[in-house]
Amino acid sequence: MNEFVVVANRLPVDKIEDADGNVSWKRSPGGLVSALEPLMRRRSGAWIGWPGSPAAEGSSVEPERFTAGDIAMVAVPLTDQEVEDYYEGYSNGTLWPLYHDVVAPPEFHRHWYDAYRKVNQRFADAAAQEAAHGATVWVQDYQLQLLPQMLREQRPDLRIGFFLHIPFPPTELFTRLPRRKELLEGLLGADLVGFQRPGAAANFVRLSRDVLGLETSRHHVTTANGRRVTAKHYPISIDFMELDTLARQPETLHRSEQLRRDLGNPKHVILGVDRLDYTKGIDLRLKAFGELLDEGRVSAEDTSYVQVATPSRERVEQYRLMREQIEATVGRINGTHGRIGRQPIHYLHSSFDRDDLVAMLRLADVALITPLRDGMNLVAKEYIASRVHSDGVLILSEFAGAAVELKQAVLVNPYDTDAMKDSIAKALTMSHKEQVDRMRPMRRRVRTFDVAAWAQAFLDDLAGAGAGSASRPGRSH
Ligand code: ADP
Ligand code: F6P
């Protein structure tokens, strides 16, 4: 039994099973894991999540406990059909595009929703099993929005928090969801619902009033049975010191110098690091870079653009199509502007160790982070933490949550190709003094509001949430 339990769709490690049945574990992708892993290493508790691949045909879907990297894990298996309907379907084919400004068209299928409800119940049962009496359970992200209410029904003694890592849409988009009431009621099972941005929390409160007819105030919703639920924003962050320390290691410097040599010692290195996702705006970024080369405003002889595109959700049709399109564009630009021994774009479709990633961030004179919509974007903050000499230019989309805090970045509308081109050109010619003047305040900001401060702020508010509610069984406060 645990006093503190995190429930997320994914465990921080993915299970890899070879043909002989040997099992190994590999860090799983994405911002949620990057943010919560350092927290869980410092706190005792359990992490409940899916181990990242479908359970073998006919095997049990009973949760399995193990420890990895000092974290107690509870693996919740999903069948192949559940991965298709709950994860690829409802989570990433309905909610993901809808919550990201419909940058791709969401699909609505009743059997996807049925699987979503069933899997949320399985995770809720596992959490109810693992949590000690009166424990704190912190539920993460859009894959598990029904879970807070399901858990409360079984375990009213628990203190339940929910954090949404992605944007939360305005009324006009959210109300398209056929089961919109159930999703809102699911979230209202929590004592505290956290969002990345203030507007997202306001959207949730407004929807609770308009769709469910509940009484609301600025940061609170009163449920039908008199519980008071708080909704506020808590911008997520990174472990600044871990990255800063890693970036200062002599080995990191050697590695980044070697990478620059491998690229042919270009004068400028531009870097993009993203999961290969249509929300990240990789295609529009390539278009802007290609036009700069076409017009001779950027020379392939002195500029290298490295784009890391982490494999993600590869069985989802829209992801497959986008990959084909991006790879064709890279090929076209390299074919037009490259020569033997020198390509303008280095495209890497793979995962990297933390050390390698930090070496790339240290190497980059310019980070090009231009999502069409993003809850936060931790890579932007990781770039800042890696700039130990306070130089380098961050080009950041106005539509990333990070733009709210990182005001000194070169902010850009990624849909405006001319503005993107001007931002890249400006970054490549920015004086050292201006780079430092911009980078210093951003480093201060990320150092102060790091992931520990984020978690502390959320958990402190969670400890005090629910005041004014009908009394909580088994608790003295
Ligand atoms: P998202 O959560 O949408 O994937 P974020 O930018 O918030 O986007 O977080 C991505 C996280 O994944 C960052 O911590 C980043 O360093 C890490 N990451 C991205 N690409 C890779 C990669 N190829 N190898 C290892 N880690 C990666
Ligand atoms: O941060 C958003 C998020 O969807 C996380 O919930 C998730 O773990 C991460 O991106 C990576 O996506 P996935 O788990 O689908 O590979």
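What you see is a predicted model; the values in this text were computed from it and never measured.
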#### Entry: Any donor-acceptor pair under 3.5 Å from N377 side chain to V379 backbone
yes

### Query
Between S386 and R443, does any side-chain donor sit less than 3.5 Å from a side-chain acceptor?
no

### Query
Does some side-chain heavy atom of H389 sit less than 4.5 Å from a side-chain heavy atom of M439?
no

### Message
Run the side chain to side chain contact (heavy atoms under 4.5 Å, CB included) test on L271 and L368 for me, step by step, so that the C-alpha distance in whole Å, both residues' side-chain angles and the decisive distance to 0.1 Å come before the verdict.
### Response
CA-CA 6 Å; L271 176 69; L368 195 47; over 6 Å; no

### Query
To the nearest 0.5 Å, what is the distance between CD1 (I282) and CZ (R275)?
9.5 Å

#### Entry: Within 6.0 angstrom of R315 CZ, more than 12 heavy atoms from elsewhere
yes

### Stepwise side chain to side chain contact (heavy atoms under 4.5 Å, CB included) test for S91 and W96
CA-CA 6 Å; S91 298; W96 180 268; over 6 Å; no

### Message
Going by salt bridge (charged side-chain N to carboxylate O under 4.0 Å, His left out), name the pairs with one or both residues in residues 138-148, residues two or more places apart or in two chains.
### Response
none

### Task
Verify, without hydrogens or angle tests, whether T310 (side chain) and D274 (backbone) share a donor-acceptor contact under 3.5 angstrom.
yes

### Task
Determine, stepwise, if the pair M420 / T370 fulfils side chain to side chain contact (heavy atoms under 4.5 Å, CB included).
CA-CA 9 Å; M420 288 274 279; T370 56; 3.8 Å; yes

### Message
Going by ring-ring contact (aromatic ring centres under 6.0 Å, His included), name the residues that satisfy it together with W138, two or more places apart in sequence or in a different chain.
### Response
W454, F458

### Task
Kindly write out the residues that satisfy ring-ring contact (aromatic ring centres under 6.0 Å, His included) with F352, not counting sequence neighbours, or none if the list is empty.
none

### Task
Without swapping roles, check the side chain of D391 against the backbone of V436 for a donor-acceptor pair under 3.5 Å.
no

### Task
Grab the two heavy atoms, one from P51 and one from V76, that are nearest each other, plus how far apart they are.
CD-O, 3.4 Å

### Query
Would Q140 and H165 count as having a side-chain donor-acceptor pair, cut-off 3.5 Å?
yes

### Task
Check the surroundings of atom CZ in R261: do more than 12 heavy atoms from other residues, nucleotides or ligands lie under 6.0 Å from it?
yes

### Message
I need the minimum non-hydrogen distance between R43 and F4, along with the two atoms involved.
### Response
NE-CD2, 3.5 Å

### Query
Can you find a heavy atom in the side chain of L348 that is under 4.5 Å from one in the side chain of Q307?
no

### Query
Do the side-chain N and O atoms of E327 and Y347 include a donor-acceptor pair separated by under 3.5 angstrom?
yes

### Message
Looking at S390, is its backbone amide N or carbonyl O close enough to the side chain of R440 to form a donor-acceptor pair, meaning the two atoms are under 3.5 Å apart?
### Response
no

### Side chain to side chain, V388 and R362, heavy atoms closer than 4.5 Å
yes

### Query
Can a salt bridge be assigned to the pair K433 and D437 using a cut-off of 4.0 Å between side-chain N and carboxylate O?
yes

### Task
Please name the pair of heavy atoms, one in A231 and one in V205, separated by the smallest distance, quoted to 0.1 Å.
CB-CG2, 3.8 Å

### Task
State, yes or no, whether a side-chain contact exists between L357 and D355 at a heavy-atom distance under 4.5 Å.
no

### Message
For Y99 and F168: C-alpha separation, side-chain torsions, deciding distance, then whether ring-ring contact (aromatic ring centres under 6.0 Å, His included) applies.
### Response
CA-CA 6 Å; Y99 281 28; F168 189 75; 5.6 Å; yes

### Message
Ring of W50, cation from R122 - is the NZ or CZ under 6.0 Å from the centre and inside 45° of the axis?
### Response
no

Name each donor-acceptor pair under 3.5 Å that joins a side chain in residues 396-415 to protein atoms two or more places apart or in another chain, with its distance.
| residue | atom | partner | partner atom | Å |
| --- | --- | --- | --- | --- |
| S397 | OG | P371 | O | 2.6 |
| S397 | OG | F399 | N | 2.9 |
| E405 | OE1 | K381 | NZ | 3.4 |
| E405 | OE1 | R445 | NE | 3.0 |
| E405 | OE1 | R445 | NH2 | 3.1 |
| E405 | OE2 | K381 | NZ | 2.8 |
| K407 | NZ | V404 | O | 3.1 |
| N413 | OD1 | Y415 | N | 2.9 |

### Between Y142 and N92, a side-chain donor and acceptor under 3.5 Å
yes

### Nearest atoms (heavy-atom pairs only) where R285 meets K280
NH2-O, 2.8 Å

### Query
Charged N to carboxylate O below 4.0 Å: is that the case for D14 and K26?
no

### Message
Less than 4.5 Å apart, side chain to side chain, heavy atoms only: is that true for F204 and L188?
### Response
yes

### Query
Nearest heavy-atom pair of V366 and Y383: which atoms, and what distance?
N-OH, 3.8 Å

### Message
With rounding to the nearest 0.5 angstrom, report the CE to OG distance, M360 to S256.
### Response
11.0 Å

### Task
Indicate the atoms forming the closest heavy-atom contact of L293 with S299, along with that distance.
CD2-C, 4.1 Å

### ring-ring contact (aromatic ring centres under 6.0 Å, His included) involving F123 - partner list, sequence neighbours excluded
none

### Chi angles and distances behind the salt bridge (Lys or Arg N to Asp or Glu O under 4.0 Å) call for K421, D416
CA-CA 9 Å; K421 287 160 67 181; D416 182 344; over 6 Å; no

### Message
Suppose we screen for side chain to side chain contact (heavy atoms under 4.5 Å, CB included). Which residues come up paired with A385, at least two apart in sequence or across chains?
### Response
I238, F240, L243

### Task
Kindly state whether the ring of F195 and the ring of Y234 have centres lying under 6.0 angstrom apart.
no

### Task
Say whether, by atom type as modelled, one donor and one acceptor occur between the side chain of D191 and the main chain of L462 under 3.5 angstrom.
no

### Message
Would you say CG of D262 has more than 12 non-hydrogen atoms from neighbouring residues, nucleotides or ligands within 6.0 angstrom?
### Response
yes

### pair Q318-Y278: side-chain heavy atoms closer than 4.5 Å
yes

#### Entry: Donor-acceptor contact present, side-chain R342 to main-chain G264, <3.5 Å
yes

### Task
For I369 and I395, run side chain to side chain contact (heavy atoms under 4.5 Å, CB included): C-alpha distance rounded to whole Å, both residues' side-chain angles, the deciding distance at 0.1 Å, then the answer.
CA-CA 6 Å; I369 299 176; I395 300 178; over 6 Å; no

### Query
Would you say the side-chain atoms of S431 pair up with the backbone N or O of E434, donor to acceptor, closer than 3.5 Å?
yes

### Query
Got a donor-acceptor contact below 3.5 angstrom from the R159 side chain to the A465 backbone?
yes

### Query
With side chains defined as the heavy atoms from C-beta onward, is the minimum distance between R320 and V316 less than 4.5 Å?
no

#### Entry: Pair N9, Y87: side-chain N/O donor-acceptor within cut-off below 3.5 Å
no

### Task
Could you please spell out the steps behind the salt bridge (Lys or Arg N to Asp or Glu O under 4.0 Å) verdict for R339 and E301?
CA-CA 9 Å; R339 62 171 170 79; E301 287 306 312; 2.9 Å; yes

### Query
Would you say the side chains of D277 and H100 form a donor-acceptor pair under 3.5 Å?
no

### Flag, side chain of D239 to backbone of E242, donor-acceptor distance under 3.5 Å
yes

#### Entry: Distance-only donor-acceptor check, side chains Q456 and D460, under 3.5 Å
yes

### Message
Any heavy-atom pair between the side chains of D450 and V446 that's under 4.5 Å?
### Response
no

### Task
Indicate yes or no for a side-chain donor-acceptor contact from T303 to the backbone of A300 under 3.5 Å, with no hydrogens or angles considered.
no

